[in-house]
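Let me begin by presenting the structure, written as structure tokens, before commenting on it.
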Amino acid sequence: MTDFAQPIPMRGRLQPSRESVIQDSHLHVLDHPLATSLVTTLRNSSSPSHEFEWAIHELTQHLIWNALTDEPIENFDVSGFSGEPTPGTRFRRRIALLAILRAGLGMVPPARALIPDITTYQIGIKRDEQTLEPRCYSSNLPESFGNIGHLLILDPMLATGGSAHMALQQVRQRFDGTISFIGMLGAPYGVAQLLGADPTLRIFLAALDDRLNEQGYILPGLGDAGDRLFGTL
Ligand code: PRP
Ligand code: URA
């Protein structure tokens, strides 16, 4: 990645450098040859949508494994193959998903393949291409999250951070548990905005990219994640 010594403006706003953001202990970026290979599939504009979806699937699962590394567990017994009680574990608190539509939908099947009975919420947020301001057009967030203790917000792209911030604001009005943002690519600007808004948030990314261009797209990036996933290019 390029080392931008000077902050790069994006529509007059200065962008922090990648190096200044990657030090944050709440940001976790995959560092593995398999991860960079899968990210390469995402970046490759020749990858067909089924390959793009497959790479999102694999990376989502790795990121969720990481996000749940320190998830509290409790012991319980199962009836083992000998018929004797055999010690096992399960999560102590309920975990739920919140997918930001539409691109976050591509991360739901791999997440649910890991935790099949997971409660899954959705929030529809679309970024205005001119102003880059997010607009919420649908939500099935509950009044109360009940006994859910950890919410995983799914969206492949963290660009200006506006969409994720809007989702976070709506969740925080009614939830004080752990929140992890799970995404593919992030720009330093969006990461800094989001962690500045909620310092308890944890962010898990497949890659931290260099910067945003003047259209608010991540560079080197992958283009429009929703269009790539759903073939609407
Ligand atoms: C994309 C992406 C994020 C958002 C990121 O969605 O999936 O939700 O942009 O940009 P931001 O960090 O600057 O808010 P988009 O608004 O294009 O909607 P879509 O998923 O329906 O295509
Ligand atoms: N949304 C995308 O899908 N891609 C970007 O690079 C930025 C926002």
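Counting convention: from 1, in listed order, for ligands and their atoms alike. All figures in this text were calculated on a predicted structure; none of them were measured in a lab.
Each of Thr41, Val39, Thr40 was scored for a side-chain contact (heavy atoms from CB on, under 4.5 Å) with Arg43, with one residue passing: Val39.
By the neighbour-count criterion of 12 heavy atoms within 6.0 Å, atom CD of Gln122 is densely surrounded, having more than that number from other residues, nucleotides or ligands. Within a 6.0 Å radius of CG in Asn147, other residues, nucleotides and ligands contribute more than 12 heavy atoms. Taking a 6.0 Å sphere around CD of Gln130, one finds it holds 12 or fewer heavy atoms contributed by other residues, nucleotides or ligands. The neighbour count for Asn140 CG, taken as heavy atoms of other residues, nucleotides or ligands under 6.0 Å away, is above 12.
Here's the thing with Ala164: none of its N/O atoms is less than 3.5 angstrom from an N/O atom of ligand 1. Here's the thing with Ile218: one of its N/O atoms is less than 3.5 angstrom from an N/O atom of ligand 2. For ligand 1, none of its N or O atoms has an N or O atom of Tyr137 under 3.5 Å away. Annotation: Ala225 places an N or O atom under 3.5 Å from an N or O atom of ligand 2; distance criterion only. Checked against a 3.5 angstrom limit, the closest N/O atoms of Ala159 and ligand 2 fall outside it. Ligand 1 has an N or O atom lying under 3.5 Å from an N or O atom of Gly161, backbone or side chain. Backbone and side-chain nitrogen or oxygen atoms of Gly226 are examined, and none is located within less than 3.5 angstrom of a nitrogen or oxygen of ligand 1.
Scanning the protein heavy atoms around atom 5 (C) of ligand 2, the nearest turns out to be Tyr217 CD2, 3.4 Å. Ranking the protein heavy atoms by distance from atom 8 (C) of ligand 2 puts Arg127 NH2, 3.5 Å first. Looking only at heavy atoms of the protein, atom 10 (O) of ligand 1 is closest to Arg127 CD, 3.4 Å. At the top of the distance list for atom 6 (O) of ligand 1, counting protein heavy atoms only, stands Ile125 O, 4.8 Å. In terms of protein heavy atoms, atom 4 (N) of ligand 2 is closest to Gly223 O, 2.8 Å. Remark: minimum distance from atom 19 (P) of ligand 1 to any protein heavy atom is reached at Arg102 NE, 3.6 Å.
Close approach to Met157 involves these atoms of ligand 1, each under 4.0 Å from a residue heavy atom: 2 (C), 3 (C), 5 (C). Atoms of ligand 1 lying under 4.0 Å from any heavy atom of Ser163, numbered from 1 in the order shown and given with element: 4 (C), 8 (O), 11 (P), 14 (O). Atom numbering of ligand 1 starts at 1 in the shown order; those under 4.0 Å from a heavy atom of Lys126 are 15 (P), 16 (O), 17 (O), 18 (O), 19 (P), 21 (O), 22 (O). Residue-ligand proximity, Met157 to ligand 2, at heavy-atom distances under 4.0 Å covers atoms 2 (C), 3 (O), 4 (N), 5 (C), 6 (O). Ligand 2 places these atoms under 4.0 Å from at least one heavy atom of Gly216: 7 (C).
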Residue pair Arg11, Thr131: steps toward the side chain to side chain donor-acceptor pair (under 3.5 Å) verdict
CA-CA 10 Å; Arg11 302 189 178 198; Thr131 64; over 6 Å; no
Please report the C-alpha distance between Arg135 and Asp128 in whole Å, then the side-chain angles of each, then the deciding distance to 0.1 Å, and finally whether the salt bridge (charged side-chain N to carboxylate O under 4.0 Å, His left out) criterion is met.
CA-CA 7 Å; Arg135 183 179 64 83; Asp128 182 294; over 6 Å; no
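Proximity of atom 1 (C) of ligand 1 to the protein is not indicated, since no non-hydrogen protein atom lies closer than 4.0 angstrom. Within 4.0 Å of atom 12 (O) of ligand 1, at least one protein heavy atom is present.
Assignment of Leu132 to the shell around ligand 1 is not supported, since no heavy atom sits closer than 4.0 Å.
Stacking of Arg211 on the aromatic ring of Tyr189 is not recorded, the 6.0 Å distance cut-off and the 45° axial limit not both being met. In this structure, Arg102 fails the cation-pi test against Tyr137, since its NZ or CZ atom is not both closer than 6.0 Å to the six-membered ring centre and inside 45 degrees of the ring normal.
How far CG of Asp210 is from CD1 of Ile218: 11.0 Å, rounded to the nearest 0.5 Å. Taken to the nearest 0.5 Å, the CG atom of Leu152 stands 9.5 Å off from the OG1 atom of Thr120.
A salt bridge does not link Arg127 to Asp224: none of the charged side-chain nitrogens sits closer than 4.0 Å to a carboxylate oxygen. Salt bridge present: Glu71 and Arg93 bring a charged side-chain N and a carboxylate O closer than 4.0 Å.
Counting heavy atoms closer than 4.0 Å to ligand 1, residue Asp155 contributes side-chain atoms (C-beta onward) but none from N, CA, C or O. Looking at Ala103 against ligand 1, both its backbone and its side chain come within 4.0 Å, counting heavy atoms.
Taking 4.5 Å as the limit, every side-chain heavy atom of Asn213 sits out of range of all side-chain heavy atoms of Met10.
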